[in-house]
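Heads up, the thing below is written out as structure tokens.
The model shown is predicted, which means the values in this text are computed figures rather than measured ones.
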Amino acid sequence: MKITIVCANGRAGKLILQEAVKRGHEVTAIVRKDCKFPKGVNVIKKDLFDITYEDVKNSNAIINAFGTWTEETLPSLPAATKHLCDILSNSDIRLLVVGGAGSLYVNPEHTRCVEDGPDFPDIFKPVSAAHGKTLKALRTRNDVQWTYLSPAGDFQADGIRSGKYILGGEELTRNSNGESIISYADYAIAMIDEAENGDYIQKRFSVVADY
């Protein structure tokens, strides 16, 4: 496959890129500044909002790994995905988005989310809301082959690569130990699996570690 990773120098983006390279895919990294990548990775040095269809037209899948935390930049989360949707509109190129866990439902009626809980940390509420806006906007895009992948509640940047995970859907899923946890490395495996298989087109799904 030809996979393009936007913001491939971020914490999630790097591991997603490594996973794609490991599997022998033809990988393009889009970054704003000079970065060191494995041999054979194509690099486009460009701001996300300057990406055009010409930059990605030969790709089978685009993975949006853009992330941000500050109050000033959080509006860029949904805006970034909208920009990518707009350039991919009515094309066969898939868009996979690194999402958040706060919007996962915690009841069968899908009326309450993780972020609505009394124990949800205030510090995470703004970024969770921005991710939620991204997902809500994606659900309106019938012109784009999008997929939104939510991590487990405890998304660990330095967690182990176990190579095992449990698929979840729209609801928060826990493993056999009652934990909602996933490492960035195992999340990257799930992301590339979905890029290869295309099981969740125009859907959101989630993953949790199987250990």
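- Other residues, nucleotides and ligands contribute over 12 non-hydrogen atoms within 6.0 Å of the CG atom of N177.
- With sequence neighbours left out, D154 forms a side chain to side chain donor-acceptor pair (under 3.5 Å) with Q156.
- Other residues sharing a hydrophobic cluster with I166 under the 4.5 Å side-chain heavy-atom criterion for ILVMFWY residues are V208.
- Remark: K57 engages E54 in a side chain to side chain donor-acceptor pair (under 3.5 Å) (not counting sequence neighbours).
- Remark: side-chain polar atoms of T173 are paired, donor with acceptor, to backbone N or O of E171 under 3.5 angstrom.
- Interatomic distance, D55 CG to T52 OG1, rounded to the nearest 0.5 Å: 3.5 Å.
- Counting heavy atoms from C-beta on, the side chains of I30 and V56 come closer than 4.5 Å.
- Counting non-hydrogen atoms of neighbouring residues, nucleotides and ligands closer than 6.0 angstrom, the NZ atom of K46 exceeds 12 such neighbours.
- Residue L84 holds its CG atom at 12.0 Å from CD1 of I63, rounded to the nearest 0.5 Å.
- Here ring pair (Phe, Tyr, Trp, His ring centres under 6.0 Å) pairs that include residues 122-152, with residues two or more places apart or in two chains, are W69-F124.
- Applying the ring-ring contact (aromatic ring centres under 6.0 Å, His included) criterion to Y200, with sequence neighbours excluded, gives F205.
- Looking only at distances, no side-chain donor or acceptor of T140 sits under 3.5 Å from a matching main-chain atom of K136.
- Side chains of S76 and T73: no donor on one and acceptor on the other come within 3.5 Å.
- A donor-acceptor pair is defined here as one N or O able to donate and one able to accept, closer than 3.5 Å; no such pair exists between the side chain of D47 and the backbone of R32.
- Residues forming a side chain to side chain donor-acceptor pair (under 3.5 Å) with N197 (at least two apart in sequence, or on another chain): none.
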Pairs under 3.5 angstrom only: tabulate donor-acceptor contacts from the side chains of residues 89-102 to other protein residues two or more places apart or in another chain.
residue: S89; atom: OG; partner: D143; partner atom: OD2; Å: 2.5
residue: S91; atom: OG; partner: L88; partner atom: O; Å: 2.7
residue: S91; atom: OG; partner: I93; partner atom: N; Å: 3.3
residue: R94; atom: NH1; partner: E194; partner atom: O; Å: 3.0
residue: R94; atom: NH1; partner: A195; partner atom: O; Å: 3.3
residue: R94; atom: NH2; partner: T147; partner atom: OG1; Å: 3.2
residue: R94; atom: NH2; partner: E194; partner atom: OE2; Å: 2.8

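- Every pair passing ring pair (Phe, Tyr, Trp, His ring centres under 6.0 Å) that includes a residue from residues 87-106 is listed here, sequence neighbours excluded: Y105-H110.
- Y165 is linked by a ring-ring contact (aromatic ring centres under 6.0 Å, His included) to nothing, counting only residues two or more places apart in sequence or in another chain.
- Listed by first then second residue, pairs satisfying ring pair (Phe, Tyr, Trp, His ring centres under 6.0 Å) with a partner in residues 171-198 read F155-Y184, F155-Y187, not counting sequence neighbours.
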Exercise. So R141 and D86, salt bridge (charged side-chain N to carboxylate O under 4.0 Å, His left out) or not? Walk me through it.
Worked result: CA-CA 9 Å; R141 299 298 297 246; D86 289 345; 2.9 Å; yes

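- Other residues, nucleotides and ligands place more than 12 heavy atoms under 6.0 Å from the CZ atom of R139.
- Between I16 and I3, every side-chain heavy-atom pair lies at or beyond the 4.5 Å cut-off.
- Follow the hydrophobic side-chain contacts under 4.5 Å out from F66 and you never reach M191; the two are in separate clusters.
- The backbone N or O of I160 sits less than 3.5 Å from a side-chain atom of S183, completing a donor-acceptor pair.
- No side-chain donor-acceptor contact under 3.5 Å links S206 to the backbone of P151.
- A donor-acceptor distance shorter than 3.5 angstrom exists from the side chain of N107 to the backbone of R112, with no hydrogens or angles considered.
- Listed by first and then second residue, the side chain to side chain donor-acceptor pair (under 3.5 Å) pairs that reach into residues 12-23 are E19-R23, E19-R161, R23-D193, R23-E196, sequence neighbours excluded.
- Ion pairing between K125 and E115 fails under the 4.0 Å rule for side-chain N and carboxylate O.
- Counting heavy atoms from C-beta outward, H25 and I192 have side chains that approach closer than 4.5 Å.
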Please table the atom pairs, donor to acceptor, closer than 3.5 Å between any side-chain atom in residues 33-44 and protein atoms at least two apart or in another chain.
residue: D34; atom: OD1; partner: K45; partner atom: NZ; Å: 3.4

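- Put simply, the side chain of S150 reaches to within 4.5 Å of the side chain of R204, judged on heavy atoms.
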